[in-house]
Protein chains: 2
Amino acid sequence: MALNERKIKILQAIINDYIETAEPVGSRTIAKKYNLGISSATIRNEMSDLEEMGLILQPHASAGRIPSDMGYRLYVDHLMQKHELGEKEKTVMQSVIANNISQIDYLMEETAKAISHLTNYTAIITEPVNRSTRIKQIRLMPLDSASLLLVIATENNFIKNHVVKVGIAPSDEEVLHLGSCINAVLQGHTLQEIDGVLIGRLKNALGEYQEFLPNILKDIESTIRAAEKVQVHMSGTKNILAFPEFSDIDKARSLFQALEEKDVLVTLLEEGQGNDLQVLIGSENTVQSMKDCSVITATYKMGEETRGTIGIVGPTRMDYSQVISVLNGMVENIEKTLKKLSDGSKNT
Amino acid sequence: MALNERKIKILQAIINDYIETAEPVGSRTIAKKYNLGISSATIRNEMSDLEEMGLILQPHASAGRIPSDMGYRLYVDHLMQKHELGEKEKTVMQSVIANNISQIDYLMEETAKAISHLTNYTAIITEPVNRSTRIKQIRLMPLDSASLLLVIATENNFIKNHVVKVGIAPSDEEVLHLGSCINAVLQGHTLQEIDGVLIGRLKNALGEYQEFLPNILKDIESTIRAAEKVQVHMSGTKNILAFPEFSDIDKARSLFQALEEKDVLVTLLEEGQGNDLQVLIGSENTVQSMKDCSVITATYKMGEETRGTIGIVGPTRMDYSQVISVLNGMVENIEKTLKKLSDGSKNT
DNA sequence: TGTTAGCACTCGCTCTCATAGAGTGCTAAC
DNA sequence: GTTAGCACTCTATGAGAGCGAGTGCTAACA
């Protein structure tokens with residue numbers, strides 16, 4: 001059976017209408033609402049064909065049709081029109097980078113918020129990962145009479161502070177000096193590279209304040225581990241409750257539960273690692289609890305290398321076109337910001 | 001009508017049973033389950049009295065009884081037995097402070113998580129507020145060739161980092177030195193105190209790097225504003241979905257909505273400012289959207305001064321005793337930690 | 001041969017009604 | 001004062017009827 005022009009128009013009408021209303025679409029509705037110049041009876045015949053082809057289906061015998069996962073797939077691959085970003089969308093996106101974010105985690109958090117806000121779906125984002133993170137700067141700062149502040153910056157401007165408790169703090173100058181010495185020893189090294197030799201040098205650097213050493217080493221480790229771990233940000237889980245698809249509280253709860261598990265999220269997002277943009281519709285998802293949802297992911301790069309993924313989860317009845325535009329826009333945002341950050345730190 | 005021993009026992013049985021099962025409690029249930037040595041008919045008579053007194057009510061004529069807000073009130077004020085913290089609860093609490101948290105925001109975040117985890121209700125917490133926050137330390141650190149890291153610590157060890165973009169960064173030594181100079185000028189001052197004179201001195205301190213000044217001032221302001229703003233942490237909103245009270249998705253949604261608005265949360269928490277511990281049951285809440293919920297708040301102090309509030313929101317059918325014990329335990333935790341932090345910074 | 005009007009049919013939704021069951025309140029006996 | 005017994009009330013459940021939306025099929029038409 002051929003998928004002629006007219007069938008395509010009808011399929012498109014069904015999908016558009018269903019995305020909008022969440023109600024099965026009948027032949028009369030299409031005849032009235034979309035001026036295709038044919039009667040409802042003809043539309044019925046065509047719909048019967050479309051159903052046979054597996055592109056639409058009936059929830060029950062006397063209901064209208066809804067798109068099948070396959071129907072959505074065809075729509076996404078061939079029919080869908082590109083969504084042009086509106087003023088509001090552009091403004092929100094701009095505002096994310098306008099905040100002049102210089103720390104990765106804030107950027108990711110803000111991006112997630114913006115995506116969920118713009119799409120009304122649930123946004124999930126992974127922070128950029130470095131297989132072996134290097135220490136960019138590590139410094140000591142005076143804090144008060146009994147503690148120092150250890151500040152560690154890794155590549156990507158992942159910055160963490162740790163308060164180091166000490167008996168009696170050295171003078172400000174001493175603290176700064178110690179920091180410089182530690183920095184001289186550790187700068188540019190990864191966690192793996194910290195061996196007996198380096199620790200020996202650290203001991204020298206710390207001199208009479210060797211007692212801090214175990215604490216400092218521990219904090220360095222936890223910072224680098226944190227930088228290496230896949231950090232996931234999520235925003236807009238509450239949006240789920242607004243969709244009629246999840247008006248059954250048990251369904252909503254089980255989805256909530258799945259989204260709470262970090263493993264599930266990471267699996268979802270890593271699924272799309274190979275492609276710039278990936279759309280997984282309903283049953284195409286390998287994660288069991290997402291069989292009724294669609295997951296759209298996009299990856300962002302630094303240079304040629306893929307660094308992380310941003311994505312959304314929502315009902316299969318989703319505004320694919322808008323989501324894809326928003327995700328693409330956000331990828332651009334992120335890549336621009338990452339480039340700025342790395343340009344700044346090129347020749348440290 | 002007197003509230004004799006027997007009536008109290010019956011009321012207690014009704015409340016306990018209802019907290020456990022969420023089903024209206026009938027006279028026969030009480031007669032069978034709680035060995036009060038009286039027949040269901042007698043219990044019925046007593047229940048009739050309790051209803052007249054407003055302590056219990058019938059959802060409909062042929063149903064069992066459920067406690068009224070007034071009934072819960074009596075229970076909370078006079079009947080409830082103190083809940084002794086179990087092993088698991090103690091362990092979770094310990095683990096919060098065992099992490100050796102030295103930054104307020106982490107402490108609050110972890111506390112919120114622990115509370116919602118232990119109680120299965122939704123935890124809300126405000127960070128300690130200082131009316132006029134002073135700068136404890138402010139330093140510059142080298143970051144890379146085109147940016148410096150500005151680190152600001154206020155009292156309470158509220159620490160923030162800001163990346164300051166510069167054309168070409170000065171040498172490490174210069175950066176540290178500049179930081180020390182800025183620190184010398186600003187340490188111990190509040191935002192209000194930064195006036196022309198201080199800014200003049202800052203200009204001197206920065207010398208040829210005056211171009212950073214506007215940025216630095218902006219970051220100082222945002223850091224101090226952030227430290228002064230009431231920060232609210234929330235955890236466990238998802239728990240709400242698990243209660244039969246909110247199996248109606250609209251109810252769940254409207255509560256979610258209310259919890260999303262920071263104003264509502266702040267109002268909820270500030271309600272209890274005067275008391276160490278406050279229990280607001282159902283209609284006792286002034287916030288409209290909480291009329292079906294109970295809100296329990298506890299305040300924590302530093303020295304004699306109240307600094308913040310921790311609390312939970314849940315259905316009126318709540319395990320008041322357990323929640324109160326958990327909150328009290330957490331207050332102790334927080335106060336201990338705050339004390340440690342402030343002892344460390346006493347003579348800066 | 002494709003299109004359309006007409007019509008019978010299907011099936012979910014809603015309303016009504018009957019029934020069962022839980023729980024009460026009242027009465028009378030202990 | 002307590003309790004057994006019983007009539008009564010009200011909800012929850014399920015069956016059955018009617019409605020309406022929408023289909024599929026047939027026959028007529030261009």
Side-chain angles (χ1 to χ4, degrees), chain A residues 1-11 13-15 17-18 20-68 71 244-245 247-248, chain B residues 1-11 13-15 17-18 20-68 71 244-245 247-248:
Chain A
M1 202 175 318
L3 193 63
N4 59 30
E5 189 78 10
R6 197 168 68 183
K7 282 194 175 60
I8 288 177
K9 272 193 182 147
I10 292 174
L11 177 61
I14 293 173
I15 293 179
D17 211 75
Y18 186 67
E20 191 187 325
T21 66
E23 295 287 334
V25 188
S27 56
R28 255 177 68 86
T29 311
I30 296 179
K32 273 190 294 185
K33 225 162 134 181
Y34 304 81
N35 294 323
L36 303 184
I38 47 177
S39 75
S40 68
T42 312
I43 294 175
R44 272 204 292 286
N45 289 332
E46 297 287 38
M47 280 162 87
S48 178
D49 292 351
L50 286 170
E51 182 163 9
E52 207 173 312
M53 296 161 82
L55 295 170
I56 57 178
L57 46 85
Q58 279 182 295
H60 55 263
S62 73
R65 303 307 212 289
I66 62 174
S68 67
E245 278 87 348
S247 63
D248 176 13
Chain B
M1 202 176 315
L3 192 63
N4 58 30
E5 190 77 11
R6 198 168 66 183
K7 282 193 176 59
I8 287 177
K9 274 194 180 143
I10 292 173
L11 178 60
I14 293 173
I15 293 179
D17 211 76
Y18 187 66
E20 191 185 327
T21 65
E23 296 287 335
V25 188
S27 56
R28 255 177 68 86
T29 311
I30 296 179
K32 272 190 294 185
K33 223 162 134 182
Y34 304 80
N35 294 323
L36 303 183
I38 47 178
S39 75
S40 67
T42 312
I43 295 174
R44 274 203 291 286
N45 290 331
E46 297 287 38
M47 280 162 90
S48 177
D49 291 351
L50 286 170
E51 182 163 10
E52 208 173 313
M53 296 161 83
L55 295 171
I56 57 179
L57 44 84
Q58 278 183 294
H60 55 262
S62 74
R65 303 309 213 286
I66 63 174
S68 68
E245 279 85 348
S247 63
D248 176 14

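Chain naming here is simple, since letters A, B, ... match the order of the sequence lines and numbering starts at 1 in each.
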Study note, to complete from the structure: For Glu46(B), the side-chain hydrogen bond (donor to acceptor under 3.5 Å, both in side chains) test, sequence neighbours excluded, returns Arg6(B), Lys7(B)

Practice item. Check DNA chain D against residues 60-68 of chain B and give the residues with a non-hydrogen atom under 4.0 Å, in numerical order. Key: His60(B), Ala61(B), Ser62(B)

Study note, to complete from the structure: 5'-most to 3'-most nt of DNA chain D touching chain A (<4.0 Å, heavy-atom partner on protein side) reads dA21(D) to dG24(D)

Give the table of side-chain donor-acceptor pairs shorter than 3.5 Å for residues 55-63 of chain A, with sequence neighbours excluded, one pair per line with atom names and distance.
unit_1: Gln58(A); atom_1: NE2; unit_2: Ala61(A); atom_2: O; d: 2.9
unit_1: Gln58(A); atom_1: NE2; unit_2: Ala63(A); atom_2: O; d: 3.0

Practice item. Report yes if the side chains of Met47(B) and Ile14(B) come closer than 4.5 Å at any heavy-atom pair, otherwise no. Key: yes

Point to revise | Those residues of residues 38-45 of chain B lying under 4.0 Å from DNA chain C by at least one heavy atom | key: Arg44(B)

**Study point:** Qualifying residues under side-chain contact (heavy atoms from CB on, under 4.5 Å), relative to Glu20(B), sequence neighbours excluded
**Key:** none

Review point. If you pin Pro24(A) and Pro59(B) to their nearest nucleotides in DNA chain D, which one's is more 5'?
Key: Pro59(B)

Review point. Rounded to whole angstroms, how far apart are CD on Glu23(B) and P on dG21(C)?
Key: 17 Å

Point to revise | Stem regions touching DNA chain C, defined by at least 3 consecutive Watson-Crick or wobble G-U pairs below 3.5 angstrom | key: C:1-30 with D:1-30

Practice item. To the nearest 0.5 angstrom, please state how far the CG atom of Leu11(A) sits from the CG atom of Asp49(A). Key: 12.5 Å

Exercise for review: Only pairs at least two apart or in different chains count here, so list each salt bridge (charged side-chain N to carboxylate O under 4.0 Å, His left out) that has a residue in residues 26-42 of chain B.
Suggested key: Asp17(B)-Lys33(B)

Check your understanding: Do you know which two heavy atoms are closest between Pro244(A) and Ala22(A), and how far apart they sit?
Key -> CG-CB, 3.8 Å

Point to revise | Point-to-point distance, once rounded to the nearest 0.5 Å, from OG of Ser68(A) to CD1 of Ile15(A) | key: 8.0 Å

Study note, to complete from the structure: Rounded to the nearest 0.5 angstrom, the CG-NZ distance for Asn35(B) and Lys9(B) is 11.0 Å

Exercise for review: Using side-chain hydrogen bond (donor to acceptor under 3.5 Å, both in side chains) as the criterion, list what pairs up with Ser39(A), not counting sequence neighbours.
Suggested key: Thr42(A)

**Study point:** Atom-pair distance (CG on Asp49(A); P on dG2(C)), nearest Å
**Key:** 11 Å

Exercise for review: With sequence neighbours excluded, tell me which residues meet side-chain contact (heavy atoms from CB on, under 4.5 Å) with Asn45(B).
Suggested key: none

**Study point:** Residue pair Ala13(B) / Ile30(B): nearest heavy atoms and the distance that separates them
**Key:** CB-CG2, 4.2 Å

**Study point:** Least distance between heavy atoms, Pro67(A) atom then Tyr18(A) atom
**Key:** CD-CD2, 3.4 Å

